[in-house]
Amino acid sequence: MWKTGVLLLLLGVLLASGELHQEREPRRLPPPGKLDFGYVPGGVYETLAHYEPGPIGILFQMLRAFLYVVQPSAFPQELIVKLAKDRFGAIQTEYQKPENIVLSLQAIYYEIGFLVCAAMGLLFAVLMPIVGLFFCMCRCCDNCGGEMHQRQKKNADCQRGLLGTLLFSTSLVITIGILCAYAANQNLSSQVKNIRRLVNSNIKDLHTFVNDTPMQIDYLISQYATAKKKVVYDLNNIGPILGGRIHDQLDKEVHPVMDEVLNMARVMQETKEALENVSVSLEVLQEGTGKLNFNLSVVRTNINRTLDNPGCHEEQSDVTTVQLCRNISQSLSQLQISANFTRLPNVNSQLENMRNVLRTDLSAFVQRGYASLNNTPQMVFEQTGSVTESVQNLLDSIGKNISRFSKTFPVQTCLSNFTIFINHAHAKVEDYYPEIDKMDFYRWIGCIALCCMVVLVLAFNYLGLLCGTLGYDKHASPTTRGCISNTGGTMLMAGVGFSFIFSWVLMGVVTIIFLAGGNMEKLVCEPFYTKELFKVVDTPYLVRPEWKNFIPGYMYGDSELELTAESLYSTCKENKGIYSAMRLDKVFNISSFLNTTAFTADVVGHLDSIKIDLSTITLLEPEGKQNLLDFSEAGLSEINYADYLEEVNKGVTVVNLLSFATVLEAQADLMPRGPLQTALKGHASTLRQIHSQQITPMEQAMKYGRARSALNQSMRFLERTASDLPNKVLAVLSAVNAAQLLISQNTTHLISQETKKYTAMIVDYFRQYIEWVKTSLALEVAPCKPFSNIVDTADIIACSFLVDSMNTFWMGLGCSTIFLLPSIILAVKLAKYYRRMDTEDVYDDSSVSGTWHFTL
């Protein structure tokens, strides 16, 4: 009956009813990452199943050392298993069989130490009264020291002192032994009083276990709201989450393309600016070089006129002069400008085309394309609204199913019945306390009586030694000893008498307690500490031949289940949950109920039905594409960049005017003095004037320098831009069309992948909740420490309180009893020196030397 109740309780605490909190809380943004379900609430168990004996523990250690000497063999696991399986029946009925004889011999061999000690104790108990009887009869016949005559010896004082010292030492040993026995007796009585506290503590822990378990299960169920809250948050933010991921994937392909278009818009603007720079720079350079070209042509004409002078052509003219005129005439071709910008065509038509192109703002179209792509999260949110709403409805349904399933079990009834069982058991235990106290009182009286027997002997020994020592007069003869000394000797003999009377009783009691307590220590307590006792209990097919493991066979009817007493005790000792300790998955498999696939099948089905259409995204409108084509047809390729660059790289004039003027003047000096020489020198002076007034200012003026530099840079930029411009524009348009095609028609696989990832993220929240529930059930919910504490408490009461104390009692009492033997011998011999003798040896001087006379 109780088995059914316990099973229902264990099942009930796992399925304790609890309402899921369905009310909507204000939405807060939970932190990303792993869900935090908090700590499972639970009470604190009060029982400290640990015993520290205190100073008397030294005696316990000495006792165990003695028992190890008596029985050093290892725990006979196989022997006990064989005897337990046989139930001792075959050995008793068929003891002549060889295998039973072997078992008997093995048992005897293991118990040989105890048997030898027990035999010696029984021999002591049997022989002591017999020896005492014969000793009494012997003394009555004036033998065995019964003759009241003491022979005089020279070393009598030395013998008396030695005997007194030895008897006193023996009495001290007996005293120590009886004090140990008394301490063990008192320790047991004091510890018996702690039994009530230990039992009450265990009962209170059981109530804590029963009361806290439903609350813990309710907490597990209520934490579904944590997972639900996170799922709802992600469903409400499906746009930024799922849409954001789709946007990020598309952006990897689209963003470089849109950047190229935006870069093309920038190039358009720079191209227009470059054409404007070319137009302005060309005007400035044409203006400056035109005036210079006119002046140089005038000088060249005037020199030609001068060279037409008859002095350069007449036959009578000097040959040198004619040759000089001819050289000057030939060098006049160098008097002209080098960079003739006036011959370069303007770029007005290309500039006008670029101005027309830039009337369309291509960058604005690009920004609209970016905005359209960035609107992906909002599009996803709008297109998945019905799906997310249906999933949220499913979340509420799942929560209600969990609550409804937990209510199908009679949990409260089971808990109430178990509480009644605990209270009933506690009441029964309380009823036994008076009996326990009464039995302990009788035991205490009995042990005190045994100790008093030894104390009585010790009292006679100590009083005898005291009176004998204090009343002894070394000058008195044996027949004239004082009353005090005689009383001391009489007390010693009284102690001897009581030793014979009590020692066999004491040894008999010691032997019985020794056999019981020693075997309890070696066969129960010590194997429990080393867990070898569990190996015996967990031996397959021990309890029943058809049960491999008796606990699951008894509880669940499945003895093949790996559930042993040792594993159950160890798991509970670690304060893990009773679900894992008792392998309750055999009764209620939480894994099958909280299967992630079954738990979230409907959620996955709804999320898999998500359909997202991104075909409305437009990266670049037709006007923007036409704008690119117009840019490629702006006529940039019609510009003769080579002529422009050639003129820009030329100097101002073909020859340096100062050098030309110097040469001209030098040639004129070689001519005869006359009008020709004067005219040529005048022309040289004019050239110097042109250089100083036109060329030098032109070279130094920033206006002309900037114009040349701007023209050079702009033409080079335009040359680079115009290089294969139509193909570049077509490549950009092709990339835009490919990206548009990707978004409009080829995003199905991408959307499917990201939807699966999003679904997996949602499912992972349920998985975290389920794994947390499983882990909490195994480790935190209904921790079964109270059950291991009950076993430990039983061990403390049986072994630490009872067995250790009683073993220490027989050890002290046995030691005292054994030392009664030397005490008897020493007391008998020492009493001779204290008692008043009837006769003594007297030496008579008148008699023959060497003879003694007895004086009565």
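Bear in mind that the values here come from a model prediction, so they are computed numbers and not experimental data.
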Residues forming a ring pair (Phe, Tyr, Trp, His ring centres under 6.0 Å) with [X], sequence neighbours excluded:
{"X": "Phe514", "value": "Phe114, Trp810"}
{"X": "Phe500", "value": "Phe135"}
{"X": "Phe75", "value": "none"}

Does the side chain to side chain contact (heavy atoms under 4.5 Å, CB included) test come out yes or no for Thr487 and Met491, once each step is laid out?
CA-CA 6 Å; Thr487 301; Met491 287 184 176; 3.9 Å; yes
Closest approach of [X] to [Y] (non-hydrogen atoms, all atoms of both residues):
{"X": "Pro783", "Y": "Asn575", "result": "CB-OD1, 3.1 Å"}
{"X": "Leu820", "Y": "Ile174", "result": "CD2-CD1, 3.9 Å"}
{"X": "Ala798", "Y": "Leu802", "result": "O-CB, 3.3 Å"}
{"X": "Val536", "Y": "Ile80", "result": "CG1-CG2, 3.9 Å"}
{"X": "Ile513", "Y": "Asn807", "result": "O-OD1, 4.3 Å"}
{"X": "Ser805", "Y": "Leu188", "result": "CB-CB, 3.7 Å"}

Residues which pass side chain to side chain contact (heavy atoms under 4.5 Å, CB included) with Pro822, listed by chain and number, not counting sequence neighbours:
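Thr170, Phe819.
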Check side chain to side chain contact (heavy atoms under 4.5 Å, CB included) between Thr419 and all other residues, then give those that pass, not counting sequence neighbours.
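Testing Thr419 for side chain to side chain contact (heavy atoms under 4.5 Å, CB included), a comparison that skips the adjacent residues, returns His207, Val210, Asn423.
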Beyond-backbone contact of [X] with [Y], side-chain heavy atoms, under 4.5 angstrom:
{"X": "Met128", "Y": "Thr817", "value": "no"}
{"X": "Leu568", "Y": "Met582", "value": "yes"}
{"X": "Leu198", "Y": "Phe801", "value": "yes"}
{"X": "Tyr182", "Y": "Phe809", "value": "no"}
{"X": "Val496", "Y": "Phe460", "value": "no"}
{"X": "Leu162", "Y": "Leu166", "value": "yes"}
{"X": "Gln159", "Y": "Lys829", "value": "no"}
{"X": "Met811", "Y": "Cys815", "value": "no"}

From [atom1] ([X]) to [atom2] ([Y]), nearest 0.5 Å:
{"X": "Asn789", "Y": "Asn202", "atom1": "CG", "atom2": "CG", "answer": "6.0 Å"}
{"X": "Ser171", "Y": "Leu826", "atom1": "OG", "atom2": "CG", "answer": "8.5 Å"}
{"X": "Ile422", "Y": "Leu206", "atom1": "CD1", "atom2": "CG", "answer": "4.5 Å"}

Taking [X] for its side chain and [Y] for its backbone only, find out whether a donor-acceptor pair lies under 3.5 Å.
{"X": "Ser800", "Y": "Ile797", "answer": "no"}
{"X": "Ser201", "Y": "Arg197", "answer": "no"}
{"X": "Gln216", "Y": "Ala782", "answer": "yes"}
{"X": "Lys785", "Y": "Lys573", "answer": "yes"}
{"X": "Asn519", "Y": "Leu515", "answer": "yes"}
{"X": "Asp205", "Y": "Glu46", "answer": "yes"}

Taking only residues two or more places apart in sequence or in another chain, which ones pass salt bridge (charged side-chain N to carboxylate O under 4.0 Å, His left out) with Glu52?
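Per chain and number, Glu52 pairs via salt bridge (charged side-chain N to carboxylate O under 4.0 Å, His left out) with no residue.
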Run the salt bridge (charged side-chain N to carboxylate O under 4.0 Å, His left out) test against Glu78 and tell me which residues pass, sequence neighbours left out.
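Glu78 satisfies salt bridge (charged side-chain N to carboxylate O under 4.0 Å, His left out) with no residue once adjacent residues are dropped.
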Worked check of side chain to side chain contact (heavy atoms under 4.5 Å, CB included) between Leu492 and Leu463
CA-CA 8 Å; Leu492 291 177; Leu463 288 174; over 6 Å; no
Can you tell me if [X] has over 12 outside heavy atoms packed within less than 6.0 Å of its [atom1]?
{"X": "Tyr433", "atom1": "OH", "result": "yes"}
{"X": "Ile58", "atom1": "CD1", "result": "no"}
{"X": "Leu127", "atom1": "CG", "result": "yes"}

Any pair with a residue in residues 498-549 that passes disulfide (SG to SG under 2.5 Å), sequence neighbours left out, goes on the list, sorted by first then second residue, please.
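Found Cys525-Cys799.
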Closer than 4.0 angstrom, basic N to acidic O: yes or no for Lys576 and Glu780?
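Salt bridge absent between Lys576 and Glu780.
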Check this for me: does any side-chain nitrogen of one of Arg64 and Asp804 sit under 4.0 Å from a carboxylate oxygen of the other?
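Result for this pair is yes, salt bridge flagged.
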Short side-chain donor-acceptor distance under 3.5 Å, [Y] and [X]:
{"X": "His426", "Y": "Asn200", "result": "yes"}
{"X": "Lys531", "Y": "Ser570", "result": "yes"}
{"X": "Glu532", "Y": "Thr530", "result": "yes"}

Tell me which pairs pass side chain to side chain donor-acceptor pair (under 3.5 Å) where either residue lies in residues 442-454, with sequence neighbours left out.
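Qualifying pairs, neighbours excluded: Asn185-Arg443, Gln186-Trp444, Ser189-Arg443, Asp440-Arg443.
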All disulfide (SG to SG under 2.5 Å) counterparts of Cys572, not counting sequence neighbours
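For Cys572 the disulfide (SG to SG under 2.5 Å) partners, ignoring immediate neighbours, are Cys784.
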Which residue pairs pass the ring pair (Phe, Tyr, Trp, His ring centres under 6.0 Å) test when at least one of the two sits in residues 518-540, sequence neighbours left out?
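Those involving residues 518-540 are Phe528-Phe534, Phe528-Tyr569, Phe534-Tyr569.
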Between Thr793 and Ile790, is the side chain to side chain contact (heavy atoms under 4.5 Å, CB included) condition met? List the steps.
CA-CA 5 Å; Thr793 299; Ile790 291 174; 5.6 Å; no
Where do Ser73 and Tyr109 land on the side-chain hydrogen bond (donor to acceptor under 3.5 Å, both in side chains) test, with the steps shown first?
CA-CA 9 Å; Ser73 302; Tyr109 177 76; 5.2 Å; no
Quick one: do Val781 and Tyr579 satisfy side chain to side chain contact (heavy atoms under 4.5 Å, CB included)? Show the steps, please.
CA-CA 8 Å; Val781 175; Tyr579 182 84; over 6 Å; no
Only pairs under 3.5 Å count here: list side-chain donor-acceptor contacts from residues 501-511, not counting sequence neighbours, and write none if there are none.
unit_1 : atom_1 : unit_2 : atom_2 : d
Ser503 : OG     : Ser499 : O      : 2.7
Trp504 : NE1    : Ile501 : O      : 2.8
Thr511 : OG1    : Met507 : O      : 2.7

